[in-house]
Amino acid sequence: MDTTSGEPTRLPQPDTVVTGGIDGLYWHDGDLIGIQNSTNPGRVIRIALTDKGMRIAGVTVLQSHHHPEFDEPTTGAIANGALHVIANSYVGHYQPDGTIKDTADLKRTAIVAVPLQGK
């Protein structure tokens, strides 16, 4: 965001980097932490910034879909050196009327702490 005008600005990034599908974006120690859930697979990534925060240098996967609790991860909060993520939002199971399909296969809400220390 341009802090003067409030206009959003797309940051340039390498062609090898995928930053789309983020549902939860956080600032941490000069980097951005993103929760991607509309990508397949869902994951938590660290987006390294360069050029005074005006360019994306690269992405590191902090937690991938291989975690047994991950099923459409979304939203989190940073505390105690970790991003605490709602690991299994089941967003894709909701119907237009607000009901959830296939409830027999769903587990209780899981919060996963993804460590953020170390770049």
inquiry  = Can you confirm whether Asp51 is buried at CG, in the sense that more than 12 heavy atoms of other residues, nucleotides or ligands lie under 6.0 Å from that atom?
reply    = yes

task = Would you indicate whether the side-chain heavy atoms of Thr16 and Val59 approach each other to under 4.5 Å?
result = no

query = Within the distance-only criterion (no hydrogens, no angle test), does the side chain of His84 pair as donor or acceptor with the backbone N or O of Ala79 below 3.5 angstrom?
reply = yes

message = As a test of understanding, state which of Val44, Thr75, Ile33 forms a side chain to side chain contact (heavy atoms under 4.5 Å, CB included) with Val85.
response = Val44

ask   = Do Val17 and Val61 share a hydrophobic cluster, counting only Ile, Leu, Val, Met, Phe, Trp and Tyr and linking them when any side-chain heavy atoms are less than 4.5 Å apart?
value = yes

ask   = Distance-only, no hydrogens or angles: does the Arg55 side chain make a donor-acceptor pair with backbone N or O of Gln13 under 3.5 Å?
value = no

task = Please write out which residues are connected to Ile86 in a hydrophobic cluster, directly or through intermediates, given that two of Ile, Leu, Val, Met, Phe, Trp, Tyr count as joined at side-chain heavy-atom separations below 4.5 angstrom.
result = Ile111

key: Minimum-distance pair of heavy atoms, taken over all atoms of Ala87 and Val112   = CB-CG2, 3.5 Å

inquiry  = Looking at every heavy atom in both Gln36 and Val18, which two are closest together, and how far apart are they?
reply    = NE2-O, 3.2 Å

query = Do side-chain atoms of Asn88 reach the backbone of Arg108 as a donor and acceptor pair under 3.5 angstrom?
reply = yes

query = Out of curiosity, Arg43 CZ to Ile22 CD1, how far, rounded to the nearest 0.5 Å?
reply = 9.0 Å

query = Can you tell me if Ser89 uses its side chain to pair, donor with acceptor, with the backbone of Pro73 under 3.5 Å?
reply = no

query = For Lys107, does its backbone N or O pair with a side-chain atom of Tyr90 as donor and acceptor, under 3.5 Å?
reply = yes

inquiry  = Please report the interatomic distance OG1(Thr9) to CE(Met54), rounded to the nearest 0.5 Å.
reply    = 5.5 Å

query = Quick one: does Gln63's side chain have a donor or acceptor within less than 3.5 Å of a partner on Phe70's backbone?
reply = no

ask   = Linking I/L/V/M/F/W/Y whenever any side-chain heavy atoms sit under 4.5 Å apart, do Tyr26 and Leu116 land together?
value = yes

Minimum-distance pair of heavy atoms, taken over all atoms of Pro14 and Ile56 = CD-O, 3.1 Å

message = Under the rule for side-chain contact (heavy atoms from CB on, under 4.5 Å), what residues qualify as partners of Thr99, not counting sequence neighbours?
response = Gln95, Asp97

key: Nearest heavy-atom neighbours spanning Asp31 and Ile47   = CB-O, 3.4 Å

message = With a 4.5 Å cut-off on side-chain heavy-atom distances among I, L, V, M, F, W and Y, is there a chain of contacts connecting Ile78 to Leu62?
response = yes

ask   = What's the spacing between Thr19 OG1 and Ile45 CD1 if we round to 0.5 Å?
value = 6.5 Å

query = Cluster question for you: counting only ILVMFWY and a side-chain heavy-atom cut-off of under 4.5 Å, with indirect links fine, are Leu25 and Leu83 together?
reply = no

